[in-house]
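First comes the structure, then the notes that go with it.
Because the structure is predicted, anything quoted here is derived from the model rather than measured. Throughout, a chain's letter reflects where its sequence line sits, starting with A, and its residues are numbered from 1.
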Amino acid sequence: MRFEDLLIPKPEGLYCPPGDFYIDPVKPVSRALITHGHADHARSGHAAVMASQQTLDIMAIRYGEDFTKTRQTAEGRTTVGDVTVSFHPAGHVLGSCQIAVEQGGTRAVVSGDYSRVANPACAPFEPVDCDLFITEATFALPVFNHPPPSQEIGRLLDSVREFPERAHLVGAYALGKAQRVIMLLREAGYDAPIFIHGALQRLCDYHIEQGIPLGDLRPATMDKAEAKKLREAVVIAPPSAFASPWVQRFADPVISFASGWMQIRARARQRGVELPLIVSDHVDWPDLTRTLEELNPEEFWITHGRDDALMRWADLTQRKARPLHLVGYEEEGE
Amino acid sequence: MKAFAELLTRLAFSPGRNAKLAHLAHYFRDVPDPERGYALAALTGNLDMGTAKPALVRGLVADRVDAELFAMSYDYVGDLAETVALIWPTRQDPRDIGLSEVVEALTGSGKVEAARLIAGWLDALEASERYALIKLVTGSMRVGVSTRMALTALASNGTVPIEEIEELWTGFVPPYLDLFAWVEGGPKPEVLARAPFRPVMLSTPTNEDELAARDPSEYAAEWKWDGIRIQAACEGGAARLYTRTGEDISHSFPDLVERMQFTGTLDGELLVRRDDVVAPFGDLQKRLGRKSPGKALLNSHPAALRLYDVLMWEGKDLRGQPFDARRAALENAVAQMNEPRFDASPLLEFATWDDLAALRANPPDPVIEGVMLKRRDSVYQAGRPRGPWFKWKRDAMTVDAVLMYAQRGHGKRSGFYSDFTFGLWDGEMLVPVGKAYSGFTDEELLRLDRFVRNNTTERFGPVRSLAPKLAVEVAFEGLNRSTRHKSGVAMRFPRIARIRWDKPVEEADVLDTLKALLPPET
């Protein structure tokens with residue numbers, strides 16, 4: 001069969017005609033299969049949603065229990081219309097999955113966002129043999145070569161010890177990155193209480209419920225006098241909080257930001273970051289190209305992100321590739 | 001290279017002087033010899049190895065990476081050294097490479113050998129270290145560290161005063177083993193630099209009220225020229241021009257250096273002077289930072305020294321003598337040199353503070369910023385002692401401007417909108433004319449921050465565009481023509497003198513009012 005008969009790009013998102021569903025649609029549809037809980041992939045208002053239990057839980061936390069009319073937890077191989085679907089861990093954030101779609105011996109895998117680096121806050125990426133692999137390309141430029149996250153957390157802790165009187169404020173997105181940074185700190189032996197901005201509370205609580213041992217977390221609601229007394233303090237907050245008066249309680253903080261984009265100095269400078277930390281939830285260039293070599297699909301498609309460099313790489317390595325130019329996924333990605 | 005790479009990263013992203021000093025001090029404390037010495041040399045521009053051209057690095061990467069992928073990457077990253085550092089294929093057998101290894105191997109190596117060495121190192125390092133290596137071998141650090149800052153950080157690790165270190169600094173050579181040993185409690189080295197920098201004596205600001213309590217007869221007065229404070233040192237055939245922070249800028253002023261035929265150390269103002277006419281500061285700026293000025297520029301913008309003081313003369317240290325004695329020695333020295341590009345700044349005749357106030361209010365030359373007062377019995381003392389020397393500046397110029405953009409501050413001002421761009425009216429439009437970060441109290445900062453948050457029209461990253469609703473009185477020390485600014489003018493030391501909560505923004509000044517304050521075109 002032609003791959004285009006199995007999956008086609010539409011304005012709403014990637015559509016499967018024989019199964020009559022969309023994957024990560026950006027507009028309300030009758031049936032959606034969702035790879036993970038980030039807001040640009042998981043939107044509210046679909047009539048029916050199928051996703052991992054954790055992704056469904058996360059959507060309920062973010063949008064309320066009525067985010068969809070019917071939910072179905074993805075378990076094992078499931079028939080949807082004329083196709084069989086199965087969900088496989090993507091290593092991106094808690095609950096994140098790749099979605100395999102099969103019909104008549106042809107299997108396509110939609111990666112969603114994924115990472116190949118071990119992440120204590122979620123299950124690791126599972127390579128799934130396939131004929132068509134549909135990949136993200138957030139960091140698909142050869143300059144993205146992310147260092148080991150433990151090394152970056154080491155830099156954060158070095159700075160915390162070097163400037164114990166300055167609170168270290170780490171910008172991290174609420175789902176995934178925040179918990180990952182906390183777990184990396186715990187793995188590095190930092191067992192002091194970690195302060196978190198209110199916007200992270202519910203998702204951190206959920207991670208703990210799911211058995212991710214985040215340790216002692218305290219709300220970052222102290223007043224100026226209390227903030228001044230802190231020593232070797234690490235505070236995690238969504239990056240948007242740095243523009244709000246919330247940050248004014250800290251006298252002379254070190255502003256940090258944990259993101260794959262921090263590898264590019266100009267990006268870090270635009271953000272006004274003093275300590276850029278390169279911690280990414282996405283595959284970097286070496287991992288992306290390695291994954292394509294390892295899966296060695298007959299063809300690969302690129303959903304969102306940068307496709308020009310990856311198309312060039314496909315040319316150089318004589319692989320068949322196609323950019324889908326799906327819109328609606330944030331260019332930022334992290 | 002790891003520690004050095006991390007130092008460069010932290011320095012590049014530290015907005016404040018204190019944080020930079022701390023990073024430098026910790027580095028000098030924790031990193032062993034000779035590594036830290038070579039780092040100090042690299043940061044202060046004293047690493048004397050044949051530097052590689054960026055084209056060499058570019059050639060190396062072209063052999064390893066597809067040209068199209070490189071072009072896409074360079075386009076995205078925007079910086080050649082950074083692109084090469086990131087895209088260079090990482091090998092599986094990393095090795096630590098010391099600065100000393102790099103410096104020692106590159107010194108005296110030919111082009112082909114240098115390329116082979118650099119490629120080998122890039123193979124063995126990881127991305128942030130590769131970036132540091134490329135910056136090192138191409139000789140372009142640009143992390144905002146002056147020699148004085150680096151030495152201040154070094155001094156903070158021990159008990160030797162910064163002034164003593166500065167005085168001997170030019171006599172040390174990389175990797176500065178004796179310097180580090182001295183700072184850390186070892187013996188003071190016997191260093192014999194030729195024409196070294198002597199730490200400079202600085203003044204503190206004053207005003208009418210403060211002066212009223214003092215006796216005018218105890219003070220000598222002279223004009224405060226609007227140039228660059230400079231130290232001219234000549235000894236044993238070496239002639240050097242230093243800024244007041246000890247940066248050697250001799251190479252930018254060959255027209256002065258060739259005329260320095262004396263033996264001694266002089267303190268004065270660097271100016272551009274055509275015959276007897278001193279040019280505005282903007283003309284001098286054209287000469288600063290120009291590494292090897294061309295003949296045309298030397299002719300059109302001739303430099304001159306206007307001398308204030310003499311520290312050493314023909315082997316004698318005069319710094320312990322009172323000002324009056326040094327002044328007499330200076331006048332003798334100027335006569336002895338008999339060099340038309342060097343003159344002594346004239347002393348002002350005055351009997352009362354009112355006399356001096358009248359002179360200050362009406363100086364004979366527009367390139368005068370006010371008057372200097374020096375106690376006649378003052379010795380030449382390094383640093384900024386309070387009392388012996390005063391600067392009494394001309395009143396600042398002011399305009400009423402409108403706030404246009406605000407940016408969040410750093411450090412103690414994190415989270416507060418504290419950096420402002422202001423503009424003046426040009427018809428119906430506001431044209432930005434400058435930026436100010438200071439002049440307001442902490443309480444005013446709170447109120448300004450609230451104003452910014454309530455009057456934002458657009459956001460671009462940390463910058464907010466503001467509705468034109470608030471006028472501020474901006475004070476500044478001078479004005480230059482500028483082709484880099486849309487308004488055509490650049491202010492010197494602008495700050496917010498008053499926040500005009502009361503003033504309707506329509507009554508703020510127009511651009512032409514500011515332009516009328518420009519010095520005449522030359």
Side-chain angles (χ1 to χ4, degrees), chain A residues 140-148 151-152 154-155 158-159 161-163 166-167 169 239-257 262-276 278 284-286 306-313 315-317, chain B residues 2-3 6 9-10 12-16 18-19 22-23 25-26 30 65-79 81-90 126-128 130-131 407-417 445-446 449-450 453 456 459-464:
Chain A
L141 260 185
V143 286
F144 289 106
N145 195 338
H146 296 144
Q151 180 181 316
E152 295 298 290
R155 293 177 57 236
D158 284 348
S159 181
R161 288 180 203 117
E162 204 174 343
F163 300 101
R166 300 178 71 191
L169 271 51
S240 57
F242 296 156
S244 74
W246 168 82
V247 76
Q248 295 175 359
R249 70 190 70 225
F250 302 102
D252 184 15
V254 174
I255 301 289
S256 180
F257 185 36
M262 292 298 101
Q263 188 145 47
I264 306 299
R265 283 164 185 257
R267 284 278 188 140
R269 240 172 247 124
Q270 278 163 12
R271 286 268 183 181
V273 170
E274 185 170 343
L275 179 62
I278 308 166
D284 62 1
W285 177 262
R306 292 195 62 109
D307 50 41
D308 53 354
L310 213 44
M311 290 305 290
R312 172 67 184 163
W313 178 82
D315 255 7
L316 291 171
T317 56
Chain B
K2 203 171 215 67
E6 183 65 10
T9 304
R10 296 305 306 262
F13 288 100
S14 292
N18 287 344
H23 289 304
H26 294 172
D30 298 339
V65 179
D66 173 60
E68 230 175 274
L69 286 176
F70 183 82
M72 289 173 194
S73 299
Y74 185 22
D75 183 51
Y76 180 80
V77 174
D79 178 272
E82 190 179 348
T83 311
V84 174
L86 292 173
I87 209 170
W88 193 272
T90 301
E126 56 131 289
S128 66
R130 292 196 289 260
Y131 180 76
Q407 185 166 359
R408 289 204 300 278
H410 295 282
K412 297 204 176 355
R413 289 165 156 194
S414 281
F416 290 96
Y417 286 88
L445 175 59
L446 279 177
D449 182 71
R450 215 171 315 133
R453 292 174 192 279
T456 299
R459 299 175 187 212
F460 321 90
V463 178
R464 291 186 183 214

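- For B/A22, the parts sitting under 4.5 Å from any heavy atom of chain A are the backbone and the side chain alike.
- Note that CZ of B/F460 is 13.0 Å distant from CD of A/Q270, once rounded to the nearest 0.5 Å.
- When heavy atoms are compared at a cutoff of 4.5 Å, A/W246 does not approach chain B at all.
- In plain terms, the two heavy atoms of A/Q248 and B/G415 that are nearest each other are NE2-O, 3.0 Å.
- In terms of the side chain to side chain contact (heavy atoms under 4.5 Å, CB included) criterion, residue partners of A/P147 (sequence neighbours excluded) are, by chain and number, A/Q151, A/E152, A/Q263, A/I278.
- Nearest heavy atom pair, residue B/S73 against residue A/L141, reads OG-CD2, 3.9 Å.
- B/D66 and A/R312 are joined by a salt bridge, as a carboxylate oxygen and a charged side-chain nitrogen come within less than 4.0 angstrom of each other.
- A/N145 CG to B/E126 CD: the interatomic distance, rounded to the nearest 0.5 Å, is 9.5 Å.
- Distance CZ/A/F163 to CG/B/N18: 9.5 Å, rounded to 0.5 Å.
- Looking at B/E6, only its side chain comes within 4.5 Å of chain A, counting heavy atoms on both sides.
- If you check the side chains of A/R155 and B/T9, you find no donor sitting under 3.5 Å from an acceptor.
- Inter-residue side-chain proximity for B/V77 and A/R265 is flagged as unmet; no heavy-atom pair is nearer than 4.5 Å.
- If you measure heavy-atom distances from A/V254 to chain B, the contacts under 4.5 Å come from the side chain alone.
- Here the closest heavy-atom approach between residue A/R269 and residue B/F13 is recorded as N-CE2, 3.9 Å.
- Residue B/D449 touches chain A through its side chain alone, counting heavy-atom pairs closer than 4.5 Å.
- Each of B/S14, B/G78, B/A12, B/G16 has some count of heavy-atom pairs under 4.5 Å with chain A, and the biggest count is that of B/S14.
- A/A268 touches chain B through backbone and side chain together, each having a heavy atom under 4.5 Å away.
- Contact annotation for B/Y74: neither backbone nor side-chain heavy atoms come within less than 4.5 Å of a heavy atom of chain A.
- Across A/A266, A/P286, A/S244, the residue that shares the most heavy-atom pairs under 4.5 angstrom with chain B is A/S244.
- A distance-only check finds no donor-acceptor pair linking the side chain of A/E162 to the backbone of B/H26 [under 3.5 Å].
- Here the straight-line distance linking atom CZ of A/R306 with atom OH of B/Y76 works out to 7.0 Å at 0.5 Å rounding.
- When every heavy atom of A/P142 is checked against every heavy atom of B/I87, the shortest pair comes out as CB-CG1, 3.6 Å.
- Heavy atoms of A/R249 lying under 4.5 Å from chain B are absent altogether.
- With a 4.5 Å cut-off on non-hydrogen atoms, A/I264 touches chain B through its backbone and its side chain both.
- The minimum heavy-atom distance linking B/R408 with A/A243 is given by the pair NH1-CB, 3.3 Å.
- Heavy atoms of B/R464 lying under 4.5 Å from chain A belong exclusively to its side chain.
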